[in-house]
Amino acid sequence: MHVVLSRDPDGTVRVHDGAPRAVPAAGLASLVAASEGGARDERPLPRWTWDDTNRWYLGLLRAGVRVERSHDLRLVHRILRSSVPAAGSALATAPPGPWDAMAPTPAGAVPATGARRAPQDDSLFDLAAPAAPEPAPAAGTDPRAELRRQEDAVAGSSAPGRLRLLAAGESAGALVAAEMHHAGLPWRSDVHDAILTEALGPRPPEGHRPARLEELARQIRAALDAPPSLNPDSHPDLLKAMQYAGVGARSLRKWELEKLEHPVVAPLLEYKNLYRLLTANGWHWLDEWVADGRFRTEYVVGGVVTGRWSSTGGGALQLPKGVRRAVVADPGWCLVVADVAQLEPRVLAAMAGDEAMAGAGREGDLYAGIVASGVVPTRELAKVGMLGAMYGGTTGASAQVLPRLGREYPRAIALVEDAARTGERGGVVTTWLGRSSPGPGSAWDEAQAGAFADDAGADAAARARSVTRSWGRFTRNFVVQGTAAEWALCWLASIRRRLWALGAAPGARPGLAPAPFADRPHLAFFLHDEVVVHAPLELADAVAAEVRAAAEEAGRLLFGDFPVDFPLTVATVDSYADAK
DNA sequence: GCTTTGTGCCAC
DNA sequence: AAACGTGGCACAAAGC
């Protein structure tokens, strides 16, 4: 079942399964493709087991080869290393080793794996450029030995079933991340340029402000009676000028400026807004991150402590709503955009076994369900109340409704309160599937020590209290955000498998995506509780149905028969901006 | 000159 | 309303 891949120093690949063998690097893609193609016989497909998904899989994808299942030793090691359910294992108790030090392989460091080369790759130009060498695995990392340690740690843990699911989900997530990097997010540079030009004026020469910003800078100076030398990009200078003009702002934050009444506020807010567009997603961004009609970022699986993904490159997880108009499906294709409604409170309800809260989400909108139960008068209060419960809010409306939520949903609220108390005590909390939080670290220790020192004053005690509560908010949120991330991993894994099973639509027009996705629906974007699938138009309805089925499957995988729903909003659109 | 820190805003 | 979780990123200012 597990087929472990390793690489000799000379690049030769060793394949460890029933019949261990060595293959030249150039032969790997065809070997993997042959194993994946053998689905017609009864044997299950191999679980490709490697030190790092990017290192192996990106090359395979560039050779047009997809795999069904994998096991990412680096990612699973990280989880098991600190997982409380596996705390007694040899893996968890060993001194730090090379698997702990391993960083993810950057996509740029991975060359295409041999075989199935596209014709244009054989050009003289290509021959003149030597292929990049394969990135070397870390010294002292024997993948077979590590796999055994991981299997032992899981089998001997207090929750083998859950940890096994987490390992499979994390590994599948790594496949999805590599595939989304490979396929890219469809991006229309011309549309993006039109958005920028409409808002800012035409692209200015390097080092110059766009016309609209220049005009707003002029208005800002006029409103402040400031000299032409005033640069609105300089916070200290601008604040000084505003003070001089008696504006009364303590900072340049948007929400603070919005409270003021002064002629400078309107042009300044618009300036900040457009300046942000220019610097974060302007022409430079377009030049750097979009090529051949695709935006390619690097997803970092488990890049957030809670298990959420992060990304590096282009700020992919912060794409402003305003530029999503540039995300447009290829001709003859569409985007199926799906997001989960109120994922985190639903996950909380299921973890806590809180049937009342799960029931509030039965008809769709969970916050509306809370209102319908008579707990709070408005949807807005239900929402801020639940968010406050999960984030640790202590002020305002959120704190006001918390007691009523606690009375109606004692199990759910107790779960997050317990997680907070554990964190405040310096303890570790664990998600539903077994990812544990880091310890509080030296800042927490030092704060407590400070409060007990002989010369401790009121401020030291206050600081200790603040650090303590802050860590409690972290662990409170960790269990919910982390379990939501686990649900999302299972959702993604299921979507990925189902999309491939749909196959190519007969007669569909090929898109611009590279093999193996040129004629198949594929995941193109993922944002915590939201996915974008790029699909041939003919398959839009089928894709939507599979994405919904995948959400049901994810709920069952995590929470079995517990009656909790994960309803989706699904939209089939030409542009991402048209979803919801 | 360089790197680090602070500010502020975007996403969920 | 602006305190209440997780991040990435760009820029200017501060520090070396």
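By convention in this document, chain letters (A, B, ...) are assigned in the order of the sequence lines, proteins followed by strands, and residues within each chain are numbered from 1. Everything numeric in this text was worked out from a predicted model, so none of it was measured.
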> Quickly work out the A/His235 NE2 to B/dT5 C1' distance and round it to whole Å.
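That distance rounds to 14 Å.
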> Would you say the side-chain atoms of A/Thr483 and A/Thr431 include a donor-acceptor pair closer than 3.5 Å?
no
> What is the distance, to the nearest angstrom, from the CZ atom on A/Arg250 to the P atom on C/dA2?
10 Å
> Is the shortest side-chain N to carboxylate O distance from A/Asp565 to A/Arg346 below 4.0 Å?
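No, A/Asp565 and A/Arg346 are not salt-bridged.
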> Compare the minimum distances between each of C/dC9, C/dG5, B/dA11 and the side chain of A/Pro320, then state the nucleotide with the smallest one.
B/dA11
> Mark yes or no: A/Arg296 above the aromatic ring of A/Trp289, with NZ or CZ under 6.0 Å from the six-membered ring centre and no more than 45 degrees from the axis.
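Not satisfied by the 6.0 Å and 45° rule.
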> How close do A/Trp283 and A/Pro204 get, heavy atom to heavy atom, and via which atoms?
CZ3-CD, 3.8 Å
> In whole angstrom, give me the gap between the P atoms of C/dC4 and B/dC12.
23 Å
> Is it the case that C/dC4 (base atoms only) and A/Arg473 (side chain only) share a donor and an acceptor within less than 3.5 Å, ignoring hydrogens and angles?
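Check fails, no donor-acceptor contact within cut-off.
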> For the side chain of A/Thr395, counting heavy atoms from C-beta on, which of B/dC9, B/dC12, C/dA3 is nearest?
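Given the options B/dC9, B/dC12, C/dA3, the side chain of A/Thr395 is closest to C/dA3.
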> Rounded to whole angstroms, how far apart are CD on A/Glu486 and C1' on C/dT6?
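These atoms are roughly 15 Å apart.
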> Side chain of A/Thr394 only, heavy atoms from C-beta on: which candidate in C/dA3, B/dG8, B/dC10 is closest?
C/dA3
> Minimum heavy-atom separation for A/Val84 to A/Val428, with atom names?
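Closest pair (atom of A/Val84, atom of A/Val428, distance): CG2-CG1, 3.7 Å.
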> Any idea which of C/dC9, C/dA13, C/dT6 is nearest the A/Ser234 side chain?
C/dA13
> Over all strands shown, is A/Gly396 touching base, sugar-phosphate only, or nothing at heavy-atom distances under 4.0 angstrom?
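Here A/Gly396 touches no strand at all.
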> So what does A/Val305 hit on the nucleic acid, given a heavy-atom distance under 4.0 Å: a base, only sugar-phosphate, or nothing?
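Sugar-phosphate only.
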> Of the listed nucleotides (C/dA10, B/dC12, C/dT6), which one gets closest to any side-chain atom of A/Asp529?
B/dC12
> Could you give the CG-to-P distance, from A/Leu277 to B/dA11, as a whole number of Å?
12 Å
> Check every strand shown and say whether A/Arg324 touches a base, only sugar-phosphate, or nothing at a heavy-atom separation below 4.0 Å.
sugar-phosphate
> Just the rounded figure in Å: distance from P of B/dA11 to NE2 of A/His528.
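Atom NE2 in A/His528 sits about 12 Å away from atom P in B/dA11.
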> Output the rounded distance in Å from CG (A/Asn477) to P (B/dC12).
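Nearest whole value for this atom pair: 16 Å.
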> From C-beta outward on A/Leu252, which listed nucleotide comes closest to its side chain: C/dG5, B/dG8, C/dA10?
B/dG8
> In terms of the angle between their ring planes, are A/Phe525 and A/Tyr576 parallel, tilted or perpendicular, with boundaries placed at 30° and 60°?
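It falls in the perpendicular class, over 60°.
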> Return the 5'-most residue of the pair A/Ser311, A/Arg308 with respect to DNA chain C, ranking by each residue's nearest nucleotide.
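With A/Ser311 and A/Arg308 compared, the 5'-side residue is A/Arg308.
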> Could you state the atom-to-atom distance from CD of A/Glu256 to P of B/dT7 in whole Å?
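Rounding to the nearest Å, CD of A/Glu256 and P of B/dT7 are 13 Å apart.
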> When we call it a touch if two heavy atoms are under 4.0 Å apart, what does A/Gly388 touch: a base, just sugar-phosphate, or nothing?
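No contact.
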> When all nucleic acid strands are considered with a 4.0 Å heavy-atom cut-off, which category describes A/Leu343: base, sugar-phosphate, or nothing?
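Answer is nothing: A/Leu343 stays at 4.0 Å or more from every strand.
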> Could you tell me the separation between the CG atom of A/Asn231 and the P atom of C/dC11, rounded to a whole number of Å?
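Rounded to the whole Å, the gap is 13 Å.
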> Between A/Ser398 and A/Asp233, just flag the one whose closest nucleotide in DNA chain C comes earlier from the 5' side.
A/Ser398
> Look at the side-chain N and O atoms of A/Thr306 and state whether any lies under 4.0 Å from the OP1 or OP2 oxygen of C/dT6.
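No, outside the criterion.
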